[in-house]
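Accompanying notes for the structure given below.
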Amino acid sequence: MNSGHIGIGMTSQRTRERLIQRLREEGIRDHRVIEAMRNTPRHLFVDEALASRAYEDTALPIGNGQTISQPYIVARMTEALLQQGPLENVLEVGTGSGYQTAVLAPLVRRVYTVERIKALLEQARRRFQALRIRNVITKHTDGTVGLPEYGPFDGIIVTAAPEGIPLALVEQLRTGGCMVLPIGGRDGQALVRVIRTEDGYQHEMLERVSFVPLLGGTC
Ligand code: SAH
């Protein structure tokens with residue numbers, strides 16, 4: 001992958017800086033998140049045909065009926081996750097393009113990311129390699145059951161929406177650990193932050209969002 005050859009306009013620092021400015025205006029404050037967003041080449045996470053739109057603050061199709069998340073939402077979820085303190089190991093459910101993974105990777109010690117669609121995961125793996133992102137472990141598996149053999153996790157981020165809070169995932173958080181995820185169906189979803197406590201969990205709503213559904217099985 002050679003970002004220099006994909007077109008000067010969209011990879012130019014000015015185009016990216018405009019997105020960063022917009023994220024600030026939308027309320028992203030954490031400078032670590034702003035830096036990670038600035039350093040992650042989103043145009044390498046979409047098809048070349050869509051690369052010219054990569055620094056718009058919008059979700060875009062990535063094939064297989066899935067989407068790369070809107071940059072603001074990626075920043076917001078990352079910020080919400082980091083607010084709980086330093087994170088050693090994080091589980092991401094829904095690798096998709098790998099963009100959220102790439103934003104998170106420099107901010108934590110290790111990311112375990114799982115994806116149910118093999119073709120998407122393989123493409124994401126190639127991107128991590130090309131970008132020399134080395135602290136990401138990928139698995140082709142159904143993330144609704146989590147990744148118990150690698151838990152408990154300091155943080156979990158889910159980038160597809162279940163109807164309710166998946167208890168299997170809550171159970172893979174360490175006490176004090178935090179999960180950020182969209183919840184709900186077609187008639188509306190909310191971004192929720194869940195904190196694991198000694199005897200259960202607490203949760204708070206962050207904002208309204210729109211994600212693809214969390215589905216079972218693999219393909
Ligand atoms: N973080 C991704 C978002 C992709 S959309 C990005 O920035 O590109 C959500 C992804 O979740 C899709 O790729 C979808 O296939 C995946 N997904 C849905 N249900 C899943 C499940 N049960 N386990 C793993 N991945 C799942």
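Counting convention: from 1, in listed order, for ligands and their atoms alike.
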- Message: For atom 8 (O) of ligand 1, which of the options Ser97, Gly143, Gly94, Gly96 provides the nearest non-hydrogen atom?
- Response: Ser97
- Contact check: Leu215 vs ligand 1, nitrogen or oxygen atoms, below 3.5 angstrom: yes
- Query: With a distance cut-off below 6.0 Å to the six-membered ring centre and an angular limit of 45° from the axis, does Arg18 pair with Tyr55 as a cation-pi contact?
  - Reply: no
- Message: With the threshold set at under 4.0 angstrom, would you say Thr141 reaches ligand 1 through any of its heavy atoms?
- Response: yes
- Query: Near Ala160, which atoms of ligand 1 are under 4.0 Å from a heavy atom of that residue?
  - Reply: 11 (O), 18 (C)
- Task: Taking the side chain as every heavy atom from C-beta outward, state whether Thr218 and Lys118 have any pair of such atoms under 4.5 Å apart.
- Result: no
- Minimum-distance protein heavy atom relative to atom 9 (C) of ligand 1: Thr159 O, 3.3 Å
- Query: Does Ser69 come within less than 4.0 Å of ligand 1, judged by its heavy atoms?
  - Reply: yes
- Task: Mark yes or no for whether Arg116, through its side chain, and Gly217, through its backbone, hold a donor-acceptor pair below 3.5 Å.
- Result: yes
- Task: Please report the C-alpha distance between Arg193 and Gln83 in whole Å, then the side-chain angles of each, then the deciding distance to 0.1 Å, and finally whether the side chain to side chain donor-acceptor pair (under 3.5 Å) criterion is met.
- Result: CA-CA 11 Å; Arg193 177 164 46 194; Gln83 268 168 15; 2.9 Å; yes
- Message: Pairing donors with acceptors under 3.5 angstrom, does anything connect the side chains of Gln100 and Thr78?
- Response: yes
- Where on Thr95 is there a heavy atom closer than 4.0 Å to ligand 1, on the side chain, on the backbone, on both, or on neither? backbone
- Note on the structure: Minimal heavy-atom distance between Gly146 and Leu169, with the atoms involved, is CA-CD2, 3.4 Å
- Message: Under 4.0 Å, heavy-atom basis, I'd like to know which part of Gln100 is in contact with ligand 1: side chain, backbone, both or neither.
- Response: both
- Task: Look at atom CZ of Arg38 and say whether more than 12 heavy atoms of other residues, nucleotides or ligands are closer to it than 6.0 Å.
- Result: yes
- Atom indices of ligand 1 within 4.0 angstrom of Glu92 heavy atoms, with elements: 1 (N)
- Message: Does only the side chain of Thr67 get under 4.0 Å from ligand 1, or the backbone, or both, or neither? Count heavy atoms.
- Response: backbone
- Query: Do Asn135 side-chain atoms and Val108 backbone N/O form a donor-acceptor pair below 3.5 Å?
  - Reply: yes
- Looking at Leu120, which atoms of ligand 1 are within less than 4.0 Å of one of its heavy atoms? 13 (O)
- Task: Give a yes/no verdict on whether any heavy atom in Thr101 is under 4.0 Å from an atom of ligand 1.
- Result: no
- Message: I'd like to check which ligand 1 atoms, numbered from 1 as shown, lie under 4.0 Å from a non-hydrogen atom of Val212.
- Response: 5 (S), 9 (C)
- Whether over 12 other heavy atoms sit under 6.0 Å from Arg208 CZ: no
- Region of Ile117 engaging ligand 1 - heavy atom pairs below 4.0 Å: side chain
- For atom 14 (C) of ligand 1, which of Gln70, Arg42, Gln66, His140 has the closest heavy atom? Gln66
